[in-house]
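Starting from 1, each residue takes its place in the sequence as its number.
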Amino acid sequence: MDKTLLILGFVWPEPKSSAAGSRMLQLIQLFLKANYKITFATACAKSDQAFNLKSIGLETVSITLNDSGFDAFVKQLNPKIVLFDRFNIEEQFGWRVSEQCPNAVKLLDTEDLHCLRKGRHAAFKKGEAFNDDYLYTELAKREIASILRSDCTLMISEYEIELLKNKFKLQESQLYYLPFLVEDSQINVTGLNTFEKRKNFITIGNFLHEPNWQAVLLLKHKIWPKIRLQLPNAELHIYGAYVSQKATQLHQPKDGFYIKGFAENVNRLMEEYRVCLSYLPFGAGLKGKILDAMRNGLPCAMNPIATEGIFGHLHINGICEEDINTFSDQTVQLYSNKNAWEEAQKNGYKVLEERFKLALFESAFIDSVEQLQQNLKKHRQEHFLGQILQHHNLQSTKYMSKWIEAKNKL
């Protein structure tokens with residue numbers, strides 16, 4: 001079997017800056033272990049935090065949006081599998097891949113469901129409860145169309161799979177559940193700092209990601225003052241890449257509120273703290289900070305959006321509460337009660353072991369992709385709606401791109 005994979009990236013992976021970067025690197029590692037030859041291509045500029053993909057054997061290529069030069073590139077490469085990093089990349093390049101490499105398996109990685117996150121954000125800005133009016137949007141039409149055009153869509157959250165099936169009536173055979181993955185060596189229950197050796201609170205998240213920024217503001221103005229009132233000597237340390245000036249202005253040591261900035265080694269950091277705060281006013285997907293916390297024996301104080309898709313039927317690794325007053329009180333109890341804290345830590349290890357362990361997913365995923373490759377014609381016949389959308393919808397995307405390219409050459 002020809003094992004050539006082209007990944008079309010939205011950005012260069014930054015595993016130290018975002019959960020999305022870690023997710024992309026995990027996907028790359030899965031294919032490398034299965035002996036795939038991988039080319040990573042993106043139109044995005046490379047940042048200082050970008051992972052060195054060449055160091056693990058990948059070819060890297062810079063491509064241009066709305067440029068027919070991509071056609072010659074992909075035709076010569078002739079990948080058997082193409083992975084689109086988020087739906088807008090499939091919109092941009094999907095029709096070109098279909099024209100030049102019609103027999104290539106097209107995989108879409110959603111990272112999170114954008115229409116869900118954006119819809120919740122819109123409701124949050126209006127101070128309203130999220131409902132279907134915020135879900136059935138123009139963005140949802142684009143994202144669902146992209147899913148339908150793809151041969152298989154990788155979903156990180158079971159919650160979002162059920163939403164796509166129940167709300168948008170997508171077939172389960174078009175969706176593949178592949179969450180964040182944790183290796184056995186990362187589920188380490190020995191050698192970590194004990195309750196007594198830990199202190200203070202931590203939260204972490206890329207400051208460019210709007211749910212993270214709004215969470216920081218919520219902590220600063222509504223949650224942390226309530227916690228600090230009961231724990232006057234405690235501190236909250238906030239880490240994350242791309243700290244803005246407006247974020248540094250929140251730094252207030254006299255209130256125990258510290259903007260720390262970029263974290264070089266998340267694992268080393270988290271082992272020093274007693275509780276991770278993750279109260280998100282909106283968002284989607286899985287929260288990487290919570291899985292990082294569980295790996296490092298760090299209980300979490302969360303709200304329902306933060307826990308979404310992570311725990312299944314298992315007990316959570318801390319507390320979950322929507323009401324801010326109750327959340328603050330229960331967070332203080334988690335921080336102060338050794339028995340409750342140790343029970344939460346054990347819950348976290350069990351969740352990792354039963355729901356996110358690498359061995360549960362890696363072989364089944366690669367087998368599924370290769371079966372799809374072998375039965376692609378039949379699969380596409382069974383999902384004919386995707387071909388209809390490709391025939392009609394992508395013509396508009398195609399000719400808009402060609403118009404932009406012609407305009408750029410003037």
**Request:** Return the minimal non-hydrogen interatomic distance between Leu53 and Pro13, and the atom names on each side.
**Result:** CD1-CD, 4.1 Å
**Prompt:** Taking the six-membered ring for Trp, are Phe31 and Phe365 ring centroids under 6.0 Å apart?
**Reply:** yes
**Message:** Could you check, using the six-membered ring where one of them is a Trp, whether Tyr279 and Phe327 have ring centers closer than 6.0 angstrom?
**Reply:** yes
Below 3.5 Å, can you tabulate the donor-acceptor pairs from side chains in residues 127-136 to any protein atom, sequence neighbours excluded?
from, atom 1, to, atom 2, distance (Å)
Glu128, OE1, Tyr134, OH, 2.4
Asn131, OD1, Asp133, N, 2.9
Asp132, OD1, Lys167, NZ, 3.0
Asp132, OD2, Lys167, NZ, 3.1
Tyr136, OH, Lys167, O, 3.0

**Prompt:** So, Phe257 versus His251, ring centres under 6.0 angstrom or not?
**Reply:** no
**Fill in**
Taking every heavy atom of Gly318 against every heavy atom of Ala344, the minimum-distance pair comes out as N-CB, 3.5 Å
**Item:** Partners meeting ring-ring contact (aromatic ring centres under 6.0 Å, His included) with Tyr335 (sequence neighbours left out)
**Value:** Phe201
**Prompt:** Do any N or O atoms from the side chain of Ser146 and from the backbone of Arg142 form a donor-acceptor pair under 3.5 angstrom?
**Reply:** no
**Request:** Flag the pair Glu342 and Lys346 as a salt bridge only when some basic side-chain nitrogen lies within less than 4.0 angstrom of an acidic carboxylate oxygen.
**Result:** no
**Prompt:** So, do Phe124 and Phe282 have ring centers that fall under 6.0 Å from each other?
**Reply:** yes
**Asked** So which of Arg23, Arg117, Arg86 actually passes salt bridge (Lys or Arg N to Asp or Glu O under 4.0 Å) with Asp112?
**Response** Arg117
**Request:** Quick one: closest heavy-atom pair of Ala306 and Lys287, and the distance?
**Result:** O-CG, 3.3 Å
**Heavy-atom closest contact (Ile63 atom, Phe93 atom, distance)** = CD1-CZ, 3.6 Å
**Message:** Quick check: do Phe73 and Val61 have side-chain heavy atoms less than 4.5 Å from each other?
**Reply:** yes
**Request:** Tell me, please, which residues at least two apart from Glu235 pass salt bridge (Lys or Arg N to Asp or Glu O under 4.0 Å).
**Result:** none
